[in-house]
Q: 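Take this structure, written in structure tokens, and hold onto it; I'll ask about it next.
Chain naming here is simple, since letters A, B, ... match the order of the sequence lines and numbering starts at 1 in each.
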Number of protein chains: 2
Amino acid sequence: MLDAVERQNLSDLVAAKIREYIVAEGLKAGDRLPTEQALADRFGVSRLSVREATKALGFLGILEAAPRRGLTVGKVDMGRVTEYLGFHLALNDYSRNQLLETRIVIETGVLPYVMKRMAENASIYDRLHEINDKLHRARSLEKRIEADIAFHHALLESSGLEPLVAFNDLLQIFFDRFRRSVATGDWKMGVEGHQRMIDSLKNGKLEAAVDELRRHLEYHKKRK
Amino acid sequence: MLDAVERQNLSDLVAAKIREYIVAEGLKAGDRLPTEQALADRFGVSRLSVREATKALGFLGILEAAPRRGLTVGKVDMGRVTEYLGFHLALNDYSRNQLLETRIVIETGVLPYVMKRMAENASIYDRLHEINDKLHRARSLEKRIEADIAFHHALLESSGLEPLVAFNDLLQIFFDRFRRSVATGDWKMGVEGHQRMIDSLKNGKLEAAVDELRRHLEYHKKRK
DNA sequence: AAAATCATATTATCTGATAATTATATCCAC
DNA sequence: GTGGATATAATTATCAGATAATATGATTTT
């Protein structure tokens, strides 16, 4: 089975069980789950433990609950996670290099797929270019961060590998704090790097695009 | 007390209050919070509502709880947060190819890091070899799947990129159903592929290792 | 001083109960 | 019959109180 002994508290275990249930039943957003009591009986725990789990999942937006309507599957969007991790990460250090190397693996690894799809669909280049242009015109730190995240998100999205899009969104939350310390003058460099990269992709120069992206990301490594 | 917008869940409000508390007191990882009962009194709610809130925050790793030690501010790690992505994968039932390509990106992307660390630490090769040997000797489907997962897990772990380890574990869970349909005779092929790959890594032949791993994973693509 | 034992604070979980909310069925006017 | 008001029932939301499990800090033993 999955993880019988590893988890120590019941509510985490129940949360995992609920995930299995969702997979097994192939539930999608809006679908109903059994009632709390029914889940409690099914898992052999008290309603309270189910409740703690569904509350936690509800907090993240994964489940929704209402009297009479019962539990329904929600949309997984990262709003809640961003909100709460954002404040927390501001207080805790997390290995910068690990995050960076992870981003490098994922983003450069995805470029072959982006290039291929770009060759078939010109609008992909246009979209990336447009976002980068927005980044170029941005004047406040907040706008820049927003546009930069949007650019990398769009890059991942252009690969068509959706699981990686989700994972990258998560990484970006952790990475946020490093972005904030980018010197104002250096943003220009970033924009130019983006541009050279997508141009290389457009021209079928994969190696060059990979190098460009790696250099772009490794910029964060040098800074203290 | 706040009655401004009494529209939300109590536990959500409590979660927000706790966040405020952490910020206001400037608490950092490891610092203690008041006990559940004390928080309940402070916020004027029952202990249950506090509990639901702390559970939700605990799910993300923002809070940790233990008997006698009480509630402490936690250290968020990607592994914990990646659990959350599990629900994302559960709800969007991605195609075999998407999952496969995602694995290819991650696992091949990680090989340069594995090779580097292998050159510095011989035990990495030994460990991978040992697991692959276990796979070789396995005779039941369950044992084989277990060993195969262990091999790929160890591969990721050898890269030292923790965020990717967690994510790949998740991918493997959802990939499980495809593994089950591998023909008995084909496992031998897999073992040999593994072996050639780690040998290439040992000999510093990155390209060859990448090719080998890609071919190994793409085996799942051809099958129906 | 190190190891083993004990006491105690605190979370973990259960049971049972009541309130609040909302979907569905029922009824009433026209 | 149709539209709107109303009752009914299902289900979550919240509370209270109790017991079990467990990690920490104090105490004793070696």
Q: Quick one: Leu39(A) CG to dC14(C) P, roughly how many Å, whole number?
A: 14 Å
Q: If I take atom CG in residue Leu57(A) and atom P in nucleotide dT12(D), what distance separates them, rounded to the nearest angstrom?
A: 14 Å
Q: Are His88(B) and Phe167(A) close enough that their ring centers fall under 6.0 Å?
A: no
Q: For dT14(D) and Lys55(A) - does any side-chain N or O of the residue sit under 4.0 Å from the phosphate oxygens OP1/OP2?
A: yes
Q: Give the rounded distance in Å between these two atoms: CG of Asp12(B) and P of dT12(D).
A: 17 Å
Q: Over how many whole Å does the gap from Leu10(B) atom CG to dA19(C) atom P extend?
A: 16 Å
Q: Are the ring centres of His194(B) and His129(B) closer than 6.0 Å?
A: no
Q: Measure from the side-chain heavy atoms of Ala66(B) and tell me the nearest of dT14(D), dA12(C), dA23(D).
A: dA23(D)
Q: CG of Leu71(A) versus P of dT12(D): gap in Å, rounded?
A: 5 Å
Q: Whether Ser49(A) contacts dC14(C) is assessed here as follows: a side-chain N or O lying under 4.0 Å from the phosphate OP1 or OP2. Is that the case?
A: yes
Q: Report the distance from atom CG of Leu48(B) to atom P of dT11(C), rounded to the nearest whole Å.
A: 14 Å
Q: Distance check needed: dT12(D) C1' versus Arg47(A) CZ, whole Å only.
A: 6 Å
Q: Atom CD of Glu52(B) to atom P of dA16(D): distance rounded to whole Å?
A: 14 Å
Q: Considering just the side-chain nitrogens and oxygens of Arg69(B), establish if one lies under 4.0 Å of OP1 or OP2 belonging to dT10(C).
A: no
Q: Please report whether the ring centroid of Tyr84(B) lies less than 6.0 Å from that of Phe59(B).
A: no
Q: Ignoring hydrogens and angles, are the base of dT8(C) and the side chain of Arg68(B) linked by a donor-acceptor pair under 3.5 Å?
A: yes
Q: Identify whether the distance between the nearest side-chain nitrogen and carboxylate oxygen of Arg144(A) and Asp148(A) falls below 4.0 Å.
A: no
Q: Choosing from dA13(D), dT10(C), dA12(C), which nucleotide comes nearest the side chain of Glu36(B)?
A: dA12(C)
